[in-house]
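Lettering follows sequence order; numbering is per chain, from 1. Small disclaimer: the values here were computed from a predicted structure and weren't measured.
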2 protein chains.
Amino acid sequence: MEEKKAVALQETKNKSLKNRKFRELWNRPGYLIRRLHQIHLGLFAEECKDEDVTPVQFGMLSVLASGVEMDQLTLSMSVGVDRVSGADVIKRLERRGLLHRNRSEVDKRARVICITPKGAEFVENVRPKMARAQAKLVAPLTEEELAELERILKKLVEANNDASRAPLGVN
Amino acid sequence: MEEKKAVALQETKNKSLKNRKFRELWNRPGYLIRRLHQIHLGLFAEECKDEDVTPVQFGMLSVLASGVEMDQLTLSMSVGVDRVSGADVIKRLERRGLLHRNRSEVDKRARVICITPKGAEFVENVRPKMARAQAKLVAPLTEEELAELERILKKLVEANNDASRAPLGVN
DNA sequence: TCTTTTTAGGAAGTATGCTACGTTATTTTT
DNA sequence: AAAAATAACGTAGCATACTTCCTAAAAAGA
């Protein structure tokens with residue numbers, strides 16, 4: 001009983017501690033992550049302004065660039081967006097002639113997505129620009145900090161994967 | 001001349017190293033950050049499903065909750081979104097009666113935003129849920145890892161602030 | 001004072017990223 | 001084989017988050 005009380009008290013303490021800690025926007029991890037996401041979008045857009053492409057669009061194309069074919073859902077999941085968002089992105093990429101959406105012979109519900117030669121060329125063209133955006137994003141860090149950041153981010157994404165609305169590896 | 005050549009060679013090496021490093025989605029910091037951002041949105045939505053509020057909406061309200069008044073631009077910048085996105089969010093919050101948009105007497109262009117009693121109550125109601133979402137997001141980390149993550153994120157956001165499309169402290 | 005520039009906001013357009021609902025096709029269960 | 005569950009996709013709707021172009025007001029400079 002005594003122990004239980006002590007635990008409850010400790011939990012209350014932790015809770016109010018966290019409430020205090022997260023009181024300012026600047027101390028909320030979620031806020032910092034949102035800001036960094038915005039910054040990456042900005043850097044990516046700047047590097048790729050001639051190509052007019054977004055990180056998600058490039059992500060999809062670079063998955064397809066190895067020559068694999070897959071349905072819309074698999075493709076969406078492999079870049080970590082939900083089915084509907086993915087379908088939108090795919091539609092826009094099709095409109096630009098960077099990929100094909102073929103009806104599957106095996107499964108009449110599915111659309112099989114494959115990259116076009118134009119799309120493959122596009123990927124190789126954009127890849128160095130994407131890499132520059134990534135490099136700029138983490139440029140302020142030392143090598144040790146970058147390694148630590150990547151380790152922690154991967155840990156968080158792996159551990160919380162099911163909390164996302166577009167969890168990976170579900171299908 | 002020899003030195004210049006060496007430097008150029010080194011740069012080429014670094015570049016191809018980075019190209020190789022960022023080849024897989026999973027090793028792109030921008031990708032990991034986007035995923036973690038999604039995860040936070042998911043956790044926040046889960047905690048606040050009864051209230052139907054987003055992190056940005058809550059961010060705005062919690063800035064206003066101290067009783068300050070400000071124009072739309074200042075408010076938008078203080079939570080790190082651009083003018084237009086901010087105006088949209090403010091419109092929705094006004095529709096729900098959580099804040100007022102009054103024409104400024106001093107500057108006839110500006111709208112002065114202030115929180116309503118209902119809005120203030122809302123903030124206090126939601127604050128613990130927001131804190132729980134933050135806590136869940138970083139729950140997989142040790143205290144040392146959390147401290148390191150926050151330090152690195154702040155460093156990145158500060159250093160890259162101007163790269164964002166909604167830089168802070170500009171106005 | 002008058003002109004120029006800057007600033008606050010509105011409106012329209014686009015992309016990402018969801019939820020919810022419906023349709024059709026496939027798979028599983030009975 | 002028929003019924004039920006599941007799965008892939010489509011459509012509609014909403015929120016965030018930008019861009020660009022516009023108007024009107026304020027500030028700065030000549």
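Residue B:Gln72 places at least one side-chain N or O closer than 4.0 Å to OP1 or OP2 of C:dG10. For B:Gln57, no side-chain nitrogen or oxygen approaches OP1 or OP2 of D:dA15 to under 4.0 Å. The side chain of B:Arg95 places an N or O atom within less than 4.0 Å of a non-bridging phosphate oxygen (OP1 or OP2) of D:dA15. Residue B:Arg35 has no polar side-chain atom (N or O) positioned under 4.0 Å from OP1 or OP2 of C:dG17. Listed pair B:Thr54 / D:dT16 meets the phosphate criterion, a side-chain N or O lying under 4.0 Å from OP1 or OP2.
The residue B:Arg103 sits apart from the nucleic acid: no heavy atom pair falls under 4.0 Å. Across all strands, A:Val56 comes closer than 4.0 Å only to sugar-phosphate atoms, never to a base (heavy-atom distances). When heavy atoms are screened at a 4.0 angstrom cut-off, A:Arg92 is found touching base atoms of the nucleic acid.
Nucleotide C:dT6 holds its C1' atom 14 Å from the CG atom of B:Asp71, rounded to whole Å. Atom CG of A:Asp88 and atom P of D:dG13 are 14 Å apart (whole Å). With rounding to whole Å, B:Glu46 atom CD is found 11 Å from C:dT19 atom P. Atoms CG (A:Asp82) and C1' (D:dA15) sit 14 Å apart, rounded to a whole Å. The distance between atom CG of A:Leu93 and atom C1' of C:dT16, rounded to the nearest whole Å, is 13 Å. In this entry the distance linking CD1 of B:Ile39 with C1' of C:dC18 reads 15 Å, nearest Å. Nucleotide D:dC18 holds its C1' atom 13 Å from the NE2 atom of B:His37, rounded to whole Å. The CG atom of B:Leu75 sits 13 Å away from the P atom of D:dA17 (whole-angstrom rounding).
When the nucleotides D:dA17, C:dC18, D:dC9 are ranked by their closest atom to the side chain of B:Val81, D:dA17 comes out on top. For B:Leu73, the listed nucleotide lying nearest its side chain is C:dA8; candidates were C:dT19, C:dA8, C:dA12. Comparing atom distances between the A:Ala110 side chain and each of D:dC18, D:dA8, D:dT11 picks out D:dA8 as nearest.
Nearest heavy-atom pair across A:Phe58 and A:Val123 is CE1-O, 3.7 Å.
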Test log, rule side-chain contact (heavy atoms from CB on, under 4.5 Å), inputs B:Ile115 and B:Leu98
CA-CA 6 Å; B:Ile115 200 164; B:Leu98 301 175; 5.8 Å; no
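Counted within 6.0 Å of NZ on B:Lys155, heavy atoms from surrounding residues, nucleotides or ligands total more than 12; the atom is thus considered enclosed.
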Would you give a per-nucleotide map of nucleotides 21-27 of chain D, 5' to 3', where B means the base has a protein non-hydrogen atom under 4.0 Å away, S means only the sugar-phosphate does, and - means neither?
B--BBS-
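Between A:Arg127 and A:Glu124 there is a salt bridge, with a side-chain nitrogen of the basic residue lying less than 4.0 Å from a carboxylate oxygen of the acidic one. The pair A:Arg151-A:Glu148 counts as a salt bridge, with a side-chain nitrogen and a carboxylate oxygen less than 4.0 angstrom apart. Ion pairing between a basic and an acidic side chain is recognised when a charged N comes within 4.0 Å of a carboxylate O; B:Lys118 and B:Glu121 show no such pairing.
Between the CG atom in A:Asn161 and the CD1 atom in B:Ile39 there is a gap of 6.0 Å [rounded to 0.5 Å].
With A:Lys129 as reference, A:Glu51 is the one residue of A:Glu51, A:Glu46, A:Glu47 to meet the salt bridge (charged side-chain N to carboxylate O under 4.0 Å, His left out) rule.
Two residues, A:Arg34 and A:Arg101, neighbour DNA chain D, and the one matched to the more 5' nucleotide by heavy-atom proximity is A:Arg101.
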